[in-house]
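So the structure is just underneath, and the comments pick up after that.
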Amino acid sequence: MQSWHYADLVYMYTYIAVGIAFIAVALGLSRLVAPHHPSKVKNEPYECGEVITGQPWIQFNVRYYVFALLFLIFEVETVFLYPLAVAYKTLVKTMGISAFIEMGIFVVVLGLGLVYPWRKGILKWV
Amino acid sequence: MAATKASKKSVSVPKITEETADITIVKEKLKSVAKELHEKENLHFEHLSFITAVDFGDYLELIYQFYSYKRKHSLTLRTRVLTKDLVIDSLTSIWKAADWQEREVYDLFGVKFKGHPNLKRILLAEDFPGHPLRKDFACKNDEEYILK
Amino acid sequence: MSPLVRLLVSLAISFPLLLLNVVFIIWFERKTLADIYGGIGPKHHGPFGLFQLAFDGMKLIAKEDVIPAKADKMLFIIAPFLVFVPAFMTFAAIPVYNNIYARNFDIGIFYIFGATTLIPVGIILAGWASFNKYSLLGGLRSAAQQISYEVPLLMATLGAVMLSGSLSLVEIVKAQSKVWFIVLQPFAFIFFFIVMLAELNRAPFDMPQAESELVAGYNVEYTGMRFAFFMFGEYAMLLVMSALVTILFLGGWNSPIPALNGLVPGITWFVLKTYLIVFIIIWIRGTFPRLRVDQLMHFSWKVLLPLNLANLLITSAILTVVYL
Amino acid sequence: MPGAKTDTIKLNIGPQHPSTHGVLYIKAELDGEIVKNAEPQLGYLHRAIEKLSENRYYHQALPAVDRCDYLCPNLNELVYCMAVEKLAGIKVAERAEYIRVIMAELHRITGHMVWAGSLVNDLGAMFTPLLYSVRDREKLLDLVEKISGSRMFPNYNRFGGVKLDIPEGWLQDVLNYIDIQEKNLVDFRNLVESEIFDVRTKGVAKLTTKQAINFGLTGPLLRATGFDWDLRRDEPYSIYDRFDFNVITEKDGDLRAIYNVRIAEVTESFKIIRQAVKDIPAGPICNKVPSPLRPDKGDCYVRIESSKGELGVYLVSDGSDKPYRLKLRTPSFCNLRAVQELVKDYKLADLIAIVGSIDIVLGDVDR
């Protein structure tokens with residue numbers, strides 16, 4: 001790894017640290033200033049002022065997560081498209097038309113990946 | 001009082017000739033009469049406007065207001081329940097509109113509708129004492145309830 | 001300039017800049033929305049109510065911090081960090097001018113998208129940890145929505161990357177010194193703009209918040225400063241994304257007409273373009289109703305994604321012809 | 001996914017919720033986003049108007065009735081006055097009839113417009129459409145204030161006529177207001193009728209005429225299913241038979257149809273008001289009414305077409321100076337019943353929109 005890569009990381013971590021520190025300081029300040037009088041009613045979750053029936057932490061319907069799975073597949077594939085896209089100009093110049101064909105194969109495979117769940121009916125929100 | 005006049009007629013199956021009609025029936029016949037009102041081609045009362053009750057001391061008069069969009073005539077159907085025995089057939093199976101109307105009458109007058117799928121208080125709280133639209137309901141009950 | 005000093009200077013500039021901009025955007029949104037619906041907006045504190053946000057901030061600091069008794073305290077506390085910190089992180093990669101930036105990451109786009117992907121995690125955590133049905137629904141919606149729109153977002157960016165041949169934001173802007181990518185990639189621009197709205201949870205895709213249904217969605221239970229940081233992170237992202245649109249498609253600091261180059265400092269153009277995008281986003285919020293959650297999903301997977309793929313194919317075909 | 005066990009959520013929507021139009025409380029059961037069951041719980045705004053009226057003189061019940069449907073209070077007054085007039089055999093002054101019609105139609109306009117605004121709000125728009133219609137309502141309230149002295153609850157109708165004569169220039173103000181409202185209506189429609197509005201409203205909560213009648217739905221909800229019925233035309237009360245207007249119907253029975261019906265009805269109301277303003281005769285504004293008022297023993301049912309549907313008053317007199325029984329058949333209450341059946345298997349977002357489309361005013365539901 002080259003030295004400027006480390007510099008990148010230093011920048012990233014510093015920004016993260018400053019972000020966290022900012023929140024921590026603000027929350028600390030708020031703790032100093034703000035009143036703190038917890039009560040039973042106040043600490044109830046909000047549900048339009050009515051008595052709560054049942055609890056929210058349940059076996060939730062899986063349909064939300066199907067999209068998460070799909071996302072995972074597509075995201076990984078798309079990430080592979082990026083190097084190809086960056087190098088596309090040079091690829092075309094060196095390899096000619098076959099660069100486009102490779103790109104086409106990639107996109108078509110992605111497209112098939114979309115068609116499959118579509119036909120399976122997974123994209124339908126039931 | 002129109003109600004007392006009409007009650008002498010004691011019609012069980014109504015004949016409707018005029019534009020509007022006002023009949024009184026005995027409460028046992030309510031369901032069968034209602035069915036006929038709804039289904040008979042020449043009656044065809046598809047619209048139930050409202051159901052309400054009026055407290056006359058020892059009996060409650062229940063009033064059903066019907067209208068026929070097709071024949072363009074309306075009908076006021078009256079029947080009575082004694083205060084001692086506040087039970088009557090429910091019409092929810094014929095008109096869905098009757099559902100909340102009956103619940104309201106139950107809530108405010110205490111009339112129980114036999115066969116109603118969900119007979120609960122609708123406007124007042126479940127633990128509210130008494131039925132406020134009855135004439136013997138004193139307003140101070142209300143204050144006691146609120147204070148409680 | 002030694003590297004350490006440079007880092008400190010960039011922090012010292014970008015941090016207040018972010019704060020000021022966010023505060024200004026919130027004020028700007030309230031004023032603009034008020035103009036749209038025929039109201040007045042903030043007006044009492046300072047000229048045109050500009051100091052309203054300072055007073056709001058004071059109020060939020062002095063507000064009681066309530067954590068529901070049954071909530072998962074740990075996650076509840078972490079969630080605002082996960083929303084705010086990534087937004088701040090991305091700020092490090094935004095170049096305002098040729099040589100004015102905190103850091104010119106050579107994978108700048110990746111860096112930004114990588115950081116923003118953390119935000120849904122924060123939202124889901126907030127929704128789950130609150131022990132509240134509304135926030136749970138909001139969090140789950142966010143899980144489905146932001147994730148679904150992440151893919152088209154990356155795809156829409158690909159066009160700009162292909163044209164410039166670089167992932168560095170500075171390089172991408174430099175590649176637009178003659179023609180902006182909005183001209184070369186009009187469809188990608190439109191897709192990117194739509195997807196950006198969804199990523200930002202902005203109307204008409206503000207499903208995870210959805211006042212009329214979920215009251216405030218994932219942040220129902222948050223009060224005081226914790227709530228403020230959700231808001232803050234959200235508006236910081238609004239700023240970053242608007243800047244990103246400017247960089248990717250609107251030519252960054254390049255002036256609209258090449259002849260004007262050098263007349264005004266390039267930063268002016270950058271700021272103007274960014275705020276134009278911010279304005280359009282606010283305008284959309286003032287006008288459109290919300291989509292439904294299933295329609296939202298269908299739109300992403302069945303409309304945006306195929307169109308993006310098609311756009312990608314066409315772009316690469318044209319590029320092949322041009323480069324050959 | 002087959003085989004995966006999932007639980008439903010029991011969610012309380014309301015009474016403290018931003019889009020339940022006041023204090024409606026809906027007990028909903030959700031499977032993910034899908035509404036499996038929704039049961040409205042009423043009574044948070046129950047003010048016992050019916051019971052109160054039994055303990056007051058006839059004219060004292062008027063302000064109470066006013067507060068029923070607080071968006072178009074004049075219609076409540078009108079129907080109550082009509083019932084008392086019918087029972088006591090009071091004739092209404094000719095000029096007053098025209099004023100009543102103008103007032104009623106003005107309130108119908110604002111009722112429809114505020115409904116449309118809040119529907120779009122329920123669909124998730126920013127306040128813009130709602131505030132557009134509230135802005136116009138503000139002008140209407142000025143008009144009401146000018147004629148009756150009070151903005152929200154005019155308490156303006158009297159048995160046999162109206163309280164006060166028209167102030168100078170008021171009719172011109174009304175015409176000006178209509179002109180402005182007509183222009184703003186175009187604006188409003190341009191703003192609201194977007195693609196997103198289309199996909200959110202078309203095909204949602206479809207109803208057939210048969211179902212609608214069985215549910216007891218009336219007014220725009222019924223007309224939106226293609227049923228041609230309007231009490232103003234088919235059972236003309238007051239002087240509606242003198243005006244020329246159309247009854248609007250749509251055939252789809254979904255939210256979009258309801259919206260179309262209501263917006264078109266606003267235009268019809270413009271027509272009626274213009275005719276009424278043109279034809280209004282001079283003369284007394286209120287006939288003499290015996291005091292105290294003691295109608296003969298008897299009962300009557302009077303109904304009018306309010307902006308929400310059939311608004312009726314069933315009045316029983318025992319010959320004394322107080323009503324023996326006053327029953328208000330309010331359209332919000334009767335229409336709201338349908339929500340329970342309509343929302344099944346729609347999304348949570350649709351539930352809010354459907355409740356909004358019914359046009360409930362909680363004062364009208366709970367009374």
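Residue numbers begin at 1 in each chain, while the letters A, B, ... track the order of the sequences. Model, not experiment: these values are computed from the prediction.
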Item to check | For D/E77, side chain to side chain donor-acceptor pair (under 3.5 Å) partners two or more places apart | outcome: none

Checklist entry - Where on B/E46 is there a heavy atom nearer than 4.5 Å to chain D: the side chain, the backbone, both, or neither? => result both

Item to check | Proximity breakdown for B/I122 and chain D, heavy-atom pairs closer than 4.5 Å | outcome: both

Item to check | Under the side chain to side chain contact (heavy atoms under 4.5 Å, CB included) test, residues paired with D/A224 that sit two or more places apart | outcome: D/A257, D/I258, D/V261

Checklist outcome for this item: Residues at least two apart in sequence or cross-chain that pass side chain to side chain contact (heavy atoms under 4.5 Å, CB included) with D/Y346, listed by chain then number, are D/V204, D/D350, D/I354

Checklist entry - Any side-chain heavy-atom pair from D/E310 and B/H47 closer than 4.5 angstrom? => result yes

Next on the checklist: So B/K120 and D/E39, do their side chains get closer than 4.5 Å, heavy atoms only?
Outcome noted: yes

Item to check | Nearest-0.5 Å distance, CD1 of residue D/I213 to CZ of residue B/F45 | outcome: 14.0 Å

Item to check | Separation of B/D107 CG from D/L42 CG (nearest 0.5 Å) | outcome: 9.5 Å

Heavy atoms of other groups near [X] [atom1], more than 12 under 6.0 Å:
| X | atom1 | answer |
| --- | --- | --- |
| D/K251 | NZ | no |
| D/K27 | NZ | no |
| B/K31 | NZ | yes |

Checklist entry - Do B/S49 and D/Y301 have side-chain N/O donor and acceptor atoms under 3.5 Å apart? => result yes

Closest approach of [X] and [Y], non-hydrogen atoms and distance?
| X | Y | answer |
| --- | --- | --- |
| D/N214 | B/I94 | ND2-O, 3.1 Å |
| D/E54 | B/L133 | OE2-CD2, 3.7 Å |
| B/D55 | D/Y324 | O-OH, 2.5 Å |

Next on the checklist: I want to check a possible cation-pi pair here: D/R325 against B/F56, using under 6.0 Å from ring centre and within 45° of the ring axis as the test.
Outcome noted: no

Item to check | Contacting moiety of D/L52, where chain B heavy atoms sit under 4.5 Å | outcome: neither

Checklist entry - Between D/E235, D/K210, D/H46, which shows the greatest number of heavy-atom pairs under 4.5 Å with chain B? => result D/H46

Checklist entry - Using a cut-off of under 4.5 Å for heavy-atom pairs, which of D/L336, D/V365, D/T218 has the most such pairs with chain B? => result D/L336

Checklist entry - Once the angle between the rings of B/Y69 and D/F227 is folded into 0 to 90°, is it parallel (under 30°), tilted (30 to 60°) or perpendicular (over 60°)? => result perpendicular

Next on the checklist: Determine whether D/R329 and B/I51 satisfy the following criterion, side chain to side chain contact (heavy atoms under 4.5 Å, CB included), listing intermediate values before the conclusion.
Outcome noted: CA-CA 9 Å; D/R329 191 263 185 216; B/I51 301 173; over 6 Å; no

Next on the checklist: Using only non-hydrogen atoms and a strict under-4.5 angstrom cutoff, which residues of residues 96-106 of chain B touch chain D?
Outcome noted: B/K96, B/A97, B/D99, B/W100, B/Q101, B/R103, B/E104

